[in-house]
Visitor: 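I have a structure here, written as structure tokens, and I will follow up with some questions on it.
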Number of protein chains: 2
Amino acid sequence: MDFLEESVPEVGTYEDFHTIDWLREKSRDTDRHRKITSRSKESAWECIKGLLDAWSGWVVMLFIGLLAGTLAGVIDLAVDWMTDLKEGVCLAGFWFSHEQCCWTSNETTFEDRDKCPQWKKWSELLTSQSEGASAYILNYLIYVLWALTFAFLAVSLVRVFAPYACGSGIPEIKTILSGFIIRGYLGKWTLLVKTVTLVLAVSSGLSLGKEGPLVHVACCCGNLFCCLFSKYSKNEGKRREVLSAAAAAGVSVAFGAPIGGVLFSLEEVSYYFPLKTLWRSFFAALVAAFTLRSINPFGNSRLVLFYVEYHTPWYMAELFPFILKRKNTKLGKYPILEVICVTAITAIIAFPNQYTRRSTSELISELFNDCGALESSQLCDYINDPNMTRAVDDIPDRPAGPGVYAAIWQLALALVFKIFITIFTFGMKIPSGLFIPSMAVGAIAGRMVGIGVEQMAYHHHDWFIFRSWCRPGADCVTPGLYAMVGAAACLGGVTRMTVSLVVIMFELTGGLEYIVPLMAAAVTSKWVADAFGKVGIYEAHIHLNGYPFLDAKDEFTHRTLATDVMRPRRTEPPLSVLTQGSMTVEDIETLIKETDYNGFPVVVSRESERLIGFVLRRDLILAIKNARKRQDGVVSNSIVYLTEDPPQLPPNSPCPLKLRRILNLSPFTVTDHTPMETVVDIFRKLGLRQCLVTHSGRLLGILTKKDVLRHMAQMANQDPESIMFN
Amino acid sequence: MDFLEESVPEVGTYEDFHTIDWLREKSRDTDRHRKITSRSKESAWECIKGLLDAWSGWVVMLFIGLLAGTLAGVIDLAVDWMTDLKEGVCLAGFWFSHEQCCWTSNETTFEDRDKCPQWKKWSELLTSQSEGASAYILNYLIYVLWALTFAFLAVSLVRVFAPYACGSGIPEIKTILSGFIIRGYLGKWTLLVKTVTLVLAVSSGLSLGKEGPLVHVACCCGNLFCCLFSKYSKNEGKRREVLSAAAAAGVSVAFGAPIGGVLFSLEEVSYYFPLKTLWRSFFAALVAAFTLRSINPFGNSRLVLFYVEYHTPWYMAELFPFILKRKNTKLGKYPILEVICVTAITAIIAFPNQYTRRSTSELISELFNDCGALESSQLCDYINDPNMTRAVDDIPDRPAGPGVYAAIWQLALALVFKIFITIFTFGMKIPSGLFIPSMAVGAIAGRMVGIGVEQMAYHHHDWFIFRSWCRPGADCVTPGLYAMVGAAACLGGVTRMTVSLVVIMFELTGGLEYIVPLMAAAVTSKWVADAFGKVGIYEAHIHLNGYPFLDAKDEFTHRTLATDVMRPRRTEPPLSVLTQGSMTVEDIETLIKETDYNGFPVVVSRESERLIGFVLRRDLILAIKNARKRQDGVVSNSIVYLTEDPPQLPPNSPCPLKLRRILNLSPFTVTDHTPMETVVDIFRKLGLRQCLVTHSGRLLGILTKKDVLRHMAQMANQDPESIMFN
């Protein structure tokens, strides 16, 4: 007697913290697709259902784009408002941010836009004083208080409602996309809590960015919309295709860079990225960027720079391994206290320095900007030649004024502060991204070098490095470009992206002219960072958490064979196998109880050891439970058979149980002489969960993804026990 | 007795028109790498050699970038000169192009740059007449004569010296990158002849582009530099990594779009593209773009457009299947005659119409351009409001003048002409690319639609589609943007690229603002084109030539199993196998003579059919020949053994021959129940050449790449015999 697959509803699903079998998911989807195609020939209604199914992918993408764009817009507006709330409030309506407040009041002219009467600093509102030491201290206190409140709210919400909402989420998403199951990581609660706490965390002024968390938020949206269509909700492989596209939409809205988003998903996050997903990601990123643009009319200001040939990339990558070391410190055990301390330190140190007080994106934007004639920033306080008659956008190099020297000191302090505080911030139990802080560190360093080179070029025209390309009175050095290149180099060093990084940078800055220095910076920073260690920050995080992630970038070059890695080892008991037609239900139940393997190979007989197929533990348990409940005559000593026809049984023996349905007849095998590099390659490319090892047709052992990862860790002189999950 | 692998020098190489085994190539490279690593610990010299080896990849990339950039620069300059030569000559020096000629003559002012005295049209030079009917006819005749001369030279050179130099080369490069061997396709002669004939073909005025051929030229450079390092010259897998990067460099110089080049290589051309190759491609593309920029100071003019929201993509994709049909026409048998005819027709029709006479890139550049106030082009002959006081770059919509109407007629004729002549030109036996002609077709159609919409918007402000976004006197429609979107849509429809297309388009035009319409155009054109047929022009070409290319985009969804596809079929004689220790040299030689299989499975014995390994025919022939020549005692009835230890032989039997060295101990196997979709996936992802089929541990049959491709063709209702090569 046979029973249909549908009658055992959970067969084919996975447990939490397990790895999916890509080949099985793919073949299940093809089956589903075939069923729909054959059914659609039967009636018009089925045909429409078939069409709907074919278009469901694009529909999901549309929804993801719309929701991700909307959420990003809402987050942007909320952060704007709450960041300003730390400094003051708008009398025309407390829900206006500083810019909106001054924008709605008609009395202001262009020049003193920042001093509109409707906007009151806290000191003005409470004590009617806007200048002086006491007002300064009052503002300082209220600033720190708000920061602490926001941070406390953020960390408490995360702790109480959704622990998965902390961090940037990109390492976990990478792991999930590679085929791992973490239930709830992309759930509704995580989405809600992450969105709210992200606003709180960014507004608190901590040195963190919203870019990584936005990718997580977009992936949650993707997961949410997967539930609409059984095509995606019931197939973990297809679901991951949607999530890859959602990640692209996330980056697209985080930076306003749709193409950069697609490339980021392709280069950095995704594991299985077929061309179909490329097109869908493209579409999702497009819709998301479009939605965000319609919501947020201020948009990302596009900054225009001037081209220079000379550039000095900066490499901060070596600083970030520090981050990994703090997992073992004591502070990590008290997450709320930790967040409060770091926020207090951040707020206290950040307020007096104008470059750290404002939001990091504003800082980056000012650092990237070139000093035009109308620029009022302190960074642009150059000594102008009174006889100058040149056009506005062609200002020659000038000597720096006192404002620039003051700015350099403040920038140097801000640099040191940013580096240290970012190291402590990343990894706290609140949503935190690393993109913007890394870019800020790079941009500050780059700008300082830029100003230095500019002044050198001005004062020493005759030095041989300047002589050839810098005549007196020419505009030969643009400090803003140095900042941009520095930001790209620093981000590249931390995340080890290259192509997507450059595309994001030029979508972000509009600097299509600067491809060459940006590409050079990206490649150089990758070389330098690789000299310190091969892994980027996300991979380091994955290793730290012990997720079973088989990185496509690692190369395995050791001379081991499958036989050295497979289980059972020589000293271990032989492999637990099922035989195709001689075991009873009780035998199998005992085997399940005594072992904790995730699956069992099926052989013809123990003597011949000829392999027939593979059965998953979970499927076996479910099928036997189901059969005992529903099928009459199945008792403990019923014979279980996995062949096509029932075995010849003596009369009066109990009704046999056919379990061929759950038998995987095409298990993956390699010979014992297969080099491990080939095995690693096969696991990586085909997304296998396990692989059986044979020797001249006989079953010898089994290799699981965990065995492979352990072996790789061992060969790289790491602790093999750091691979924790199945 | 054993012998070293080195003593049989050709073992491990491939024959022409065969497919490489990616896994074997990869494992050979790892072996080589391990040897170098272990040797480098021995002495300082070996250590330096190891470092050189590690950097050789980057060195090769540097050379490729330099050579590809130089060649592209030379081609650009030569094409410029020769295109102008068709119209006239420079008296200051015949080697100057029109622009250079007028540039060097100091007498001209900015306004009449085009009428410099040094530049003489042919009629002026020969008859001293520059105007009038007879001068026009003389110029016409000389124009056609030059075109015919260039085309004749191009086709003869290709025919006599390097037949592989014809066409765009991208389909063949795709096939080569997927693991196929076509000797000479990327050779020195092909490089030389393709470079020269490309200049001739483009200068002749035929409707073809230089972009595809430039990719071929860059790949030839890549192949050339591979010979410098044995790492690349001796490993077909590693060589293909270099070629992928070279393709990126080719696109980078063709369009001045380094990032687009990397993405093109990734999305469209490459088969195996690890992250390492991504970085190297990036570097090669960067160097190539930089070299080109230093050579060609005129550069690609960056065109700046204005943003509009409305857009109507155009789909020309359905026209190009026509191209495929002409393979069977009679004309194709006389390639020289064909080229002469097409050139004559092109030249005769093209000369009178100013939009087809000039080079296609100039045409596209004019179509993309917006009409500023200073623009003198016929396309910008609008009726200006005499009272207009607006800024130069904010001109409202205006009614079209007579020049615009004349231009529209000429454009319509040019469109029809371009479509037909491109269909006939692509596929001729000269180097020809499809990018620029497709873009021209799309740009013409786009511009015409743009002008139409603009005039409608001007004359019918009250229509409901215009009412909401187009107030009278506003600049609401930019025909140039329509041209750009049309070009992107048409190119997207023909080649089915998406992301790389958009990146190339905005690197080409500097139009970072237009990502949204460009992306929308790319996605829509893909949808529409997919409705007509799933394959792009390059895939169609590959199918047409019957190359064994396993496309990653095709999805195989049929319900067949490995057992349905494998050889031998039921009616065929059993599989030819070797046994591990019972066959004599003569037995094997007979087997080789009687069959033409590319390899033989090795089993324990014919009875048990237990698989041990796989031996390639070529290796077997070479090894036996070598052993007979060099090893004493090896005669026809020597036993050949493939086991570790020699078999027990009766006394006086001849010396046995050990061939374990050439035995692949880890052949790839699948079970007979494996669905074909999984098999296709495995072949695609692992780059297999063959795969053995087993049933419960017994060898049943073999599946080759050709079998898989034939089966796929059969399932798609195509002629399975169209797959021609191994």
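What's counted below: heavy atoms across the whole structure, side chains too, no hydrogens, waters or symmetry copies. Please read these numbers as outputs of a predicted model, since none were measured by experiment.
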Visitor: Salt-bridged, E644(B) to R660(B), with N to O below 4.0 Å?
Guide: yes
Visitor: Under 4.5 Å, counting heavy-atom pairs only, tell me which of R610(A), R34(A), E677(A), K685(A) racks up the most with chain B.
Guide: R34(A)
Visitor: Where on D31(B) is there a heavy atom nearer than 4.5 Å to chain A: the side chain, the backbone, both, or neither?
Guide: side chain
Visitor: Could you walk me through whether T560(A) and M715(A) satisfy the side chain to side chain contact (heavy atoms under 4.5 Å, CB included) test, starting with their C-alpha distance in whole Å, then the side-chain angles of each, then the deciding distance to 0.1 Å, before giving a yes or no?
Guide: CA-CA 10 Å; T560(A) 43; M715(A) 285 288 147; 3.6 Å; yes
Visitor: For residues V693(A) and T563(A), determine if any side-chain heavy atom of one lies less than 4.5 Å from a side-chain heavy atom of the other.
Guide: no
Visitor: Find the one option among D681(B), T678(B), L699(B) whose heavy-atom pairs under 4.5 Å with chain A are most numerous.
Guide: D681(B)
Visitor: Are the side chains of V287(A) and M61(A) in touch, meaning some heavy atoms are under 4.5 Å apart?
Guide: no
Visitor: Could you look at L561(B) and say if it's the side chain, the backbone, both or neither that has a heavy atom under 4.5 Å from chain A?
Guide: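 For L561(B), no heavy atom lies under 4.5 Å from chain A.
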Visitor: Would you check if S270(B) and T277(B) make a side-chain contact, meaning some heavy-atom pair closer than 4.5 Å?
Guide: no
Visitor: Check each atom of V670(B) against the heavy atoms of chain A and say whether the ones under 4.5 Å are side chain, backbone, both or neither.
Guide: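 Nothing of V670(B), per the 4.5 Å heavy-atom cut-off to chain A.
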Visitor: Does any backbone or side-chain atom of L266(B) lie under 4.5 Å from a heavy atom of chain A? Answer side chain, backbone, both or neither.
Guide: side chain
Visitor: Heavy atoms only, distances under 4.5 angstrom: which of S696(B), A285(B), S608(B), G613(B) has the most pairs with chain A? Name it, please.
Guide: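 Among S696(B), A285(B), S608(B), G613(B), the one with the most close pairs to chain A is S696(B).
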Visitor: Any idea which of V604(A), T37(A), I682(A) has the most non-hydrogen atom pairs under 4.5 angstrom with chain B?
Guide: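 Highest number of pairs under 4.5 Å: I682(A).
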Visitor: Under 4.5 Å between any side-chain heavy atoms of T671(A) and L611(B), yes or no?
Guide: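 T671(A) vs L611(B): side chains apart.
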Visitor: How about L665(B) and I612(B): do any of their side-chain heavy atoms sit closer than 4.5 Å?
Guide: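 Side-chain contact under 4.5 Å: yes.
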Visitor: Is it the backbone or the side chain of T694(B) that comes under 4.5 Å from a heavy atom of chain A, or both, or neither?
Guide: neither
Visitor: Looking at S666(B), S27(B), G697(B), S281(B), which makes the most heavy-atom pairs under 4.5 Å with chain A?
Guide: S666(B)
Visitor: For the candidates R559(A), H558(A), H33(A), which exhibits the highest count of non-hydrogen atom pairs separated by less than 4.5 Å from chain B?
Guide: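 Heavy-atom pairs under 4.5 Å are most numerous for R559(A).
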Visitor: Is the ring pair W58(A)/F283(A) parallel, tilted or perpendicular, if the boundaries are 30 and 60 degrees?
Guide: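 W58(A) vs F283(A) ring planes: perpendicular.
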